*Asks:* 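Just dropping this structure here.
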Amino acid sequence: MEARRIEIKELFCENAKQWISQDVCVKGWVRTKRGNKSVAFIALNDGSTIKNIQIVADVANFSEDILNQITTGACICAVGKLVESMGKGQSVEIQANSIEIYGTADPQTYPLQKKGHSLEFLRGIAHLRPRTNTFGAVLRIRHNMAFAIHKYFNDKGFFYWHSPLITASDCEGAGEMFQVTTLDLDNTPKNEQGKTDYTQDFFGQSTFLTVSGQLEGELGATSIGKIYTFGPTFRAENSNTPRHLAEFWMIEPEMAFYDINDNMDLAEDFIKYLVRYALDNCKDDIAFLNDMYDKDLINRLESVLKEDFVRLPYKEAIDILEKSGHKFEVSVSWGMDLQSEHERYLVEQHFKRPVILIDWPKEIKSFYMKQNDDGKTVRGMDVLFPQIGEIIGGSEREADYNKLVTRMKELNMNMEHYQWYLDTRRFGSAPHSGFGLGFERLLLFVTGMANIRDVIPFARFPKNAMF
RNA sequence: GCCUCUUUAGCUCAGUUGGUUAGAGCACAUGACUGUUAAUCAUGGGGUCCUAGGUUCAAGUCCUAGAAGGGGCGCCA
């Protein structure tokens, strides 16, 4: 009898009762097999949920050959009657009539075992780690967060805006970029100065992978009102930390007619929406991560929803740190950029909730941030989260053409490269704001994972581009 | 890029002051068990002690260099 294939998550839904006593078909990968001479229990997972369906096989009904091939990691198709379980630990199970082996997994060489593995070990077999409970959970949450981001912005009337990935401009002076070229690196064409002649390169000039879609995003905001980007971003910095990747995904909303306060309201509402969405839609996966890695995860997620983020001018942050009596490695003074230890003190010790720092000294922030009337500070904002530090960086943008140009000249920027950007201020300039949210940093917070390399399927970082 | 720690069985790790044949748990194989829940119990196989030098009668252990990995810091999202 032919039975319709059912994804395992369907078997754990309320309406699964309709299939009780009927034949069902499930397909997936074996997590464990255990049992005795007469009966075998197979825990099967198909990735649709973190839960396994238990398949019960009477040994007498199956050849020894088939049963021997059912090992951890093997891919099988099982058909049988869905019944209420006689054992504890699961509500339903499948009494197998037939089992087909799709692919065996030699237990002597298959790297994953039914026991737990260290995250460091799994990073070395990144092509197989999605088959583990942990990475299944993380990657399902990752999908749900990506979907929720699009849903949030769409529901609020934002347009999804595609900034280019290949760019000719060093967008913000934001550090090292990956060069994109089709020239033969062993034999590049030379110009009269003896340097590489990029007019002969694919685009007729030197090009790079983007470090931010913001500048192009501002073109969207000043034309169709509210936009967001959500795409890969590349930084060739030699960063070796659990919070940095060379290729990561960033969300950058940009809104006409939003001032810095509107910007902060949006950032706070946005993050809370995403955390709420995860708690509502990823219950099983978050519960697993809470149990296995971080017993405080669910508490921490729920507490972020309850409390207003602190909004604090940079100057007041400096005052708090100076008066704290806390001994810092780097002592605090006005004008300095805050170190991780300072951010952590404010968020984890002093306020014990997320903090948005605003009104930063202009010298340590980007050229495009709106200048305050004091002539010293700009309307930048950093959203700081417990454990992961800066999760969002943003600002109200400088809309005044002359102020912007003056600042760019102070910084010796090549004005030719930015003519298209400056046109936003030359023609119909509008007050506007925006920010960038690191997608993987959001995932660190939502999953409780400690290393950013564990919240992306294929991590890119210095000296590592395998898989 | 800087600082620091680690590297011993498939995985996680122990290995004393340098001293006979390098151990454990799990995994794997075989056997036992009529319903298991990371099943249990018994037996068994399994090692280039990261690599290259060096010190020593003798090195997993001490020294030097290198590689890989972790953590902290910087750059930032």
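A note on names: the letters A, B, ... follow the listed sequences, proteins ahead of strands, and every chain is numbered from 1. Quick caveat, the model's predicted, so the values are computed rather than measured.
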*Asks:* Would you say the side chain of A:Arg441 and the base of B:C76 hold a donor-acceptor pair, judged only by whether the two atoms sit under 3.5 Å apart?
*Replies:*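 Indeed, a donor on one side and an acceptor on the other fall under 3.5 Å apart.
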
*Asks:* Taking atom types as they are modelled, is there a donor-acceptor pair under 3.5 Å from the base of B:C76 to the side chain of A:Ser239?
*Replies:*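 No.
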
*Asks:* Atom CZ of residue position A:Phe147 - does it have more than 12 heavy atoms of other residues, nucleotides or ligands inside 6.0 Å?
*Replies:*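 No.
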
*Asks:* Measure from the side chain of A:Arg243, starting at C-beta and using heavy atoms only, and say which of B:C28, B:G35, B:C73 lies closest.
*Replies:* B:C73

*Asks:* Determine whether a donor-acceptor pair (one donor, one acceptor, N or O, separation below 3.5 Å) exists between the side chain of A:Glu120 and the base of B:U6.
*Replies:* no

*Asks:* Should B:C2 form a Watson-Crick or G-U wobble pair with both distances under 3.5 Å, which nucleotide is its partner?
*Replies:*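 Base partner found: B:G72.
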
*Asks:* Over how many whole Å does the gap from A:Lys463 atom NZ to B:G1 atom P extend?
*Replies:*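 Roughly 6 Å, once rounded to whole Å.
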
*Asks:* Hey, are A:Ser48 and A:Asp46 close enough side-chain-wise for a donor-acceptor pair under 3.5 Å?
*Replies:*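 A donor-acceptor contact under 3.5 Å links the two side chains.
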
*Asks:* Please state how far atom CD in A:Glu237 lies from atom P in B:C2, giving the value in whole angstrom units.
*Replies:*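 The answer, rounded to whole Å, is 15 Å.
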
*Asks:* What's the closest nucleotide to the side chain of A:Thr241 if the choices are B:U36, B:G74, B:C28?
*Replies:* B:G74

*Asks:* Output yes when a side-chain donor or acceptor of A:Arg353 lies under 3.5 Å from a complementary backbone atom of A:Asp308, and no otherwise.
*Replies:* yes

*Asks:* For B:G70, take OP1 and OP2 only and decide whether either is under 4.0 Å from a side-chain N or O of A:Arg453.
*Replies:*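 A:Arg453 to B:G70 OP1/OP2: side-chain N or O found under 4.0 Å.
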
*Asks:* Can you establish whether the number of heavy atoms outside A:Lys376 located under 6.0 Å from its atom NZ is more than 12?
*Replies:* no

*Asks:* Expressed as a whole number of Å, how far does the C1' atom of B:C5 sit from that of B:A42?
*Replies:* 41 Å

*Asks:* Round to the nearest Å and state the distance from A:Leu128 atom CG to B:C11 atom P.
*Replies:*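 For the pair A:Leu128 CG and B:C11 P, the rounded distance is 14 Å.
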
*Asks:* Is there a donor N/O on one and an acceptor N/O on the other, under 3.5 Å, for the side chain of A:His117 and the base of B:C11?
*Replies:* no

*Asks:* To the nearest Å, give me how far apart CD (A:Glu440) and P (B:C76) are.
*Replies:*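 Rounded to whole Å, this separation is 19 Å.
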
*Asks:* State the pairing partner of B:G45; accept Watson-Crick or G-U wobble contacts with both distances under 3.5 Å, and report none otherwise.
*Replies:*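 When the pairing criteria are applied, nothing turns out to pair with B:G45, so the answer is none.
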
*Asks:* Rounded to whole angstrom units, what separation is found between the CD atom of A:Gln387 and the P atom of B:G72?
*Replies:* 11 Å

*Asks:* Determine the interatomic distance between C1' on B:A77 and the same-named atom on B:U37; round to the nearest Å.
*Replies:*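 It works out to 42 Å between them.
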
*Asks:* Starting at atom CZ of A:Phe121, determine the distance to atom C1' of B:U12, rounded to an integer number of angstrom.
*Replies:*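 After rounding, the gap between these two atoms is 11 Å.
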
*Asks:* So, does A:Asn36 get its side chain near the phosphate of B:G35, meaning an N or O under 4.0 Å from OP1 or OP2?
*Replies:*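 So the side chain of A:Asn36 is within the cut-off, an N or O lying under 4.0 Å from OP1 or OP2 of B:G35.
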
*Asks:* Tell me which nucleotide among B:G1, B:C76, B:C33 gets nearest to the side chain of A:Asn240.
*Replies:* B:G1

*Asks:* Do A:Phe367 and A:Lys362 have side-chain heavy atoms sitting under 4.5 Å apart?
*Replies:* no

*Asks:* Can you tell me if A:Arg344 touches the phosphate of B:C73, counting only side-chain N or O atoms and a distance under 4.0 Å to OP1 or OP2?
*Replies:*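 True: A:Arg344 side-chain N/O within range (under 4.0 Å) of B:C73 OP1/OP2.
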
*Asks:* Please state how far atom CD in A:Gln339 lies from atom C1' in B:C73, giving the value in whole angstrom units.
*Replies:*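 The distance from CD of A:Gln339 to C1' of B:C73 comes to 8 Å, rounded to the nearest Å.
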
